[in-house]
Student: 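Below you'll find the structure I mean.
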Amino acid sequence: MSNILDAFKEKQTEKKVYDGKKIKVGIIGCGWIAEAHLKSYLKCEDVEVVAFADLVPGKAEAFAKQNGVEGNYYLSDKELIDNEKDLDAVSICTYNRQHAPCAIYALEHGVHVLLEKPMCVTLEEAVDICKAEKKSGKILSIGFQPRFDENMKMVKKICESGVLGKIYYIQTGGGRRMGIPTPFGTSFIQEDTAGLGALGDIGCYSLDMVLNAIGYPKPLTVTGFKAGLFGKKPEYLQKPEYTEVFGVDDFAAAYIRLENDIVLDFRIAWAMHCDTPGDTIIMGTEGGLRIPSTECWNGSIGGAMTIYHNIAGECVETVIPECDNDGDNFDKKIRSFIDAIEFNLPAPVPSSQIIYNQAIIDGIARSSDLGREVTIEIPEI
């Protein structure tokens, strides 16, 4: 057993040295997630946050001052990018339906982009973003901080080690018993701002956990279902009047066929009469991996993982203890983006992978609307 566990230990990497050059960053969209971006940027001695934009008059300035910083303030992403001539990068923290236009405009104007998840709302938008990225030559990284969690890295190492053999079936998902995100206003639950509900908000994380672990195989077909089953019930929202504007999914499920003869069984929920829709299970010809679910998707795992396999003809179980995280995953997300800019490294969470994530989400939505299986076709970028 010790040999198996030793195979998954992290290798030491050389620490980078910075030359003192300040990377100038702007923040577009000054809601609650922007605060996490700002706080992480402020921990980077080689970053200067110089500008803020929000479409609500006065919000950008109030946001900056509330967090103890000064800068230039704008009412749109275009104003910020057009006026900040020395700008190196932006964090896009807007609601979902503004992800694509903001990212495309920034890339077209030679600015590196850290784009919050989900990448966007539709596959068509994702393709347009990737085309703008390719043409610009700039870095585009998508905001999946669970990638930096040591337990998530362990899942990937286990799958890549070969101990599971040929992977053929995955069950994944997650959710909350009572967790429609209305404490932050209605932008998460309105169709014209969010476009996606639980499917885009936390479903993208669940998909990324397993798809990243197995090398992001191409999705081929999807049979999907989505519904808003709890969002019209006042007891599930922060304010009763929010039920009038609720227009997205609070539950989604799908059966997805991936290349290499892999089947992905997926489900996600903002609200449900259950503690969990199930653990994540990755089944292979030589072993299976069980990843305990969490009460509320938090970007990690709910306990020690277990590998089920055979040794000398006997069924055995190898427990993989939870890994300790060194530092905050959100800080690592920001730091990796800045490192990519400074050292000309690949995007930490590349669009070439996340476009598959978005294609699945888009496929689930289309399949649900059409009431049948759909084929996923991703144009060449």
Side-chain angles (χ1 to χ4, degrees), residues 95-97 117-123 144 146 169-211 219 221-240 242-257 263-281 291-299 302 357-374 376:
Y95 50 77
N96 298 345
R97 286 205 179 274
K117 62 79 193 169
M119 186 177 184
C120 46
V121 176
T122 68
L123 175 57
F144 282 77
Y169 173 83
I170 299 173
Q171 169 188 300
T172 195
R176 307 162 182 162
R177 186 165 182 174
M178 204 167 184
I180 298 174
T182 51
F184 310 108
T186 61
S187 62
F188 273 89
I189 65 170
Q190 290 184 258
E191 203 284 332
D192 61 347
T193 54
L196 298 165
L199 180 57
D201 179 35
I202 53 177
C204 66
Y205 280 146
S206 181
L207 289 170
D208 188 66
M209 173 176 69
V210 294
L211 292 172
T221 65
V222 173
T223 300
F225 170 80
K226 66 181 178 69
L229 303 169
F230 294 86
K232 294 295 185 181
K233 298 181 178 183
E235 64 268 30
Y236 280 86
L237 303 181
Q238 190 77 358
K239 297 179 181 178
Y242 286 174
T243 59
E244 298 176 9
V245 299
F246 188 91
V248 294
D249 58 278
D250 52 37
F251 175 79
Y255 190 81
I256 304 142
R257 293 186 181 276
V263 170
L264 175 55
D265 185 355
F266 165 80
R267 71 294 303 265
I268 202 77
W270 268 346
M272 58 184 170
H273 290 302
C274 196
D275 58 345
T276 174
D279 292 344
T280 291
I281 298 171
I291 306 167
S293 63
T294 57
E295 289 184 7
C296 171
W297 178 264
N298 63 2
N357 189 300
Q358 195 67 45
I360 291 172
I361 290 172
D362 180 85
I364 294 171
R366 287 191 295 117
S367 174
S368 182
D369 291 342
L370 294 170
R372 60 172 173 81
E373 182 180 68
V374 298
I376 295 179

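Please read all numbers here as calculations on a predicted model, not as lab measurements. No hydrogens, no waters, no symmetry mates; every other heavy atom, side chains included, goes into these values.
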Student: Could you tell me whether the side chain of I170 reaches within less than 4.5 Å of the side chain of V263, counting heavy atoms only?
Tutor: no
Student: Flag yes if more than 12 heavy atoms outside R366 fall under 6.0 Å of its CZ atom; otherwise flag no.
Tutor: yes
Student: Do I180 and F230 come close enough that some side-chain heavy atom pair is under 4.5 Å?
Tutor: yes
Student: Which heavy atom of H273 sits nearest a heavy atom of Y236, and at what distance?
Tutor: CE1-OH, 3.3 Å
Student: Give the minimum heavy-atom separation between N96 and P118, together with the two atoms involved.
Tutor: OD1-CD, 3.4 Å
Student: Once rounded to the nearest 0.5 Å, what's the spacing between atom CG of L237 and atom CZ of F246?
Tutor: 7.0 Å
Student: Counting N and O atoms only, with roles assigned by atom type, does the side chain of D279 sit under 3.5 Å from a partner on the main chain of P292, one being a donor and the other an acceptor?
Tutor: no
Student: Return the minimal non-hydrogen interatomic distance between P146 and Y205, and the atom names on each side.
Tutor: CD-CE2, 3.6 Å
Student: Are side-chain heavy atoms of V121 and I361 found at a separation under 4.5 Å?
Tutor: no
Student: What's the shortest heavy-atom distance between P219 and I256, and which atoms?
Tutor: CB-CG2, 4.5 Å
Student: What's the spacing between D208 CG and M119 CE if we round to 0.5 Å?
Tutor: 12.0 Å
Student: Using 0.5 Å steps for rounding, measure from the CD1 atom of I376 to the CD1 atom of I360.
Tutor: 5.5 Å
Student: Between S206 and T172, does any side-chain donor sit less than 3.5 Å from a side-chain acceptor?
Tutor: yes
Student: Please determine whether side-chain contact (heavy atoms from CB on, under 4.5 Å) holds for the pair I291 and I281, giving the CA-CA distance in whole Å, both sets of side-chain angles, and the decisive distance to 0.1 Å.
Tutor: CA-CA 6 Å; I291 306 167; I281 298 171; over 6 Å; no
Student: Using a 6.0 Å cut-off, check whether atom NZ of K232 has over 12 heavy atoms from anything other than its own residue.
Tutor: yes
Student: Would F144 and C204 count as a side-chain contact (heavy atoms from CB on, under 4.5 Å) here? Give the steps.
Tutor: CA-CA 9 Å; F144 282 77; C204 66; 4.0 Å; yes
Student: Quick one: pull up OG1 in T221 and CZ in R372 and give me the separation to the nearest 0.5 Å.
Tutor: 12.0 Å
Student: Ignoring hydrogens and angles, tell me if any N or O in the side chain of Q238 forms a donor-acceptor pair with the backbone of G185 under 3.5 Å.
Tutor: no
Student: Does D250 have any salt bridge (charged side-chain N to carboxylate O under 4.0 Å, His left out) partners at least two apart in sequence or in another chain, and if so, which?
Tutor: none
Student: How long is the span from the OG atom in S293 to the CG atom in D275, to the nearest 0.5 Å?
Tutor: 7.0 Å
Student: Checking T193 side chain against Q190 main chain: does a donor-acceptor pair fall under 3.5 Å?
Tutor: yes
Student: Would you indicate whether E235, at its atom CD, is surrounded by more than 12 heavy atoms from other residues, nucleotides or ligands within a distance under 6.0 Å?
Tutor: yes
Student: Are the side chain of Q171 and the backbone N or O of F266 linked by a donor-acceptor pair below 3.5 Å?
Tutor: no
Student: Roughly how far, to the nearest 0.5 Å, is the CZ atom of F188 from the CH2 atom of W270?
Tutor: 7.0 Å
Student: Which atom names give the shortest non-hydrogen contact between C120 and L196, and what distance separates them?
Tutor: O-CD1, 3.8 Å
Student: Under 4.0 Å between a side-chain nitrogen and a carboxylate oxygen: does that hold for D201 and K117?
Tutor: yes
Student: Any heavy-atom pair between the side chains of V222 and E373 that's under 4.5 Å?
Tutor: no
Student: Might you point out which heavy atoms bring M272 and P277 nearest each other, and give the distance in Å?
Tutor: CE-CD, 3.4 Å
Student: Should R176 and E295 count as an ion pair when the cut-off is N to O under 4.0 Å?
Tutor: no
Student: Main chain of K226, side chain of S368: is a donor-acceptor contact present, judged purely on distance under 3.5 Å?
Tutor: yes
Student: Cut-off 3.5 Å, side chains only: do D265 and Y169 have a donor facing an acceptor?
Tutor: yes
Student: Is a side-chain N or O of D249 found less than 3.5 angstrom from the main chain of L199, in a donor-acceptor match?
Tutor: yes
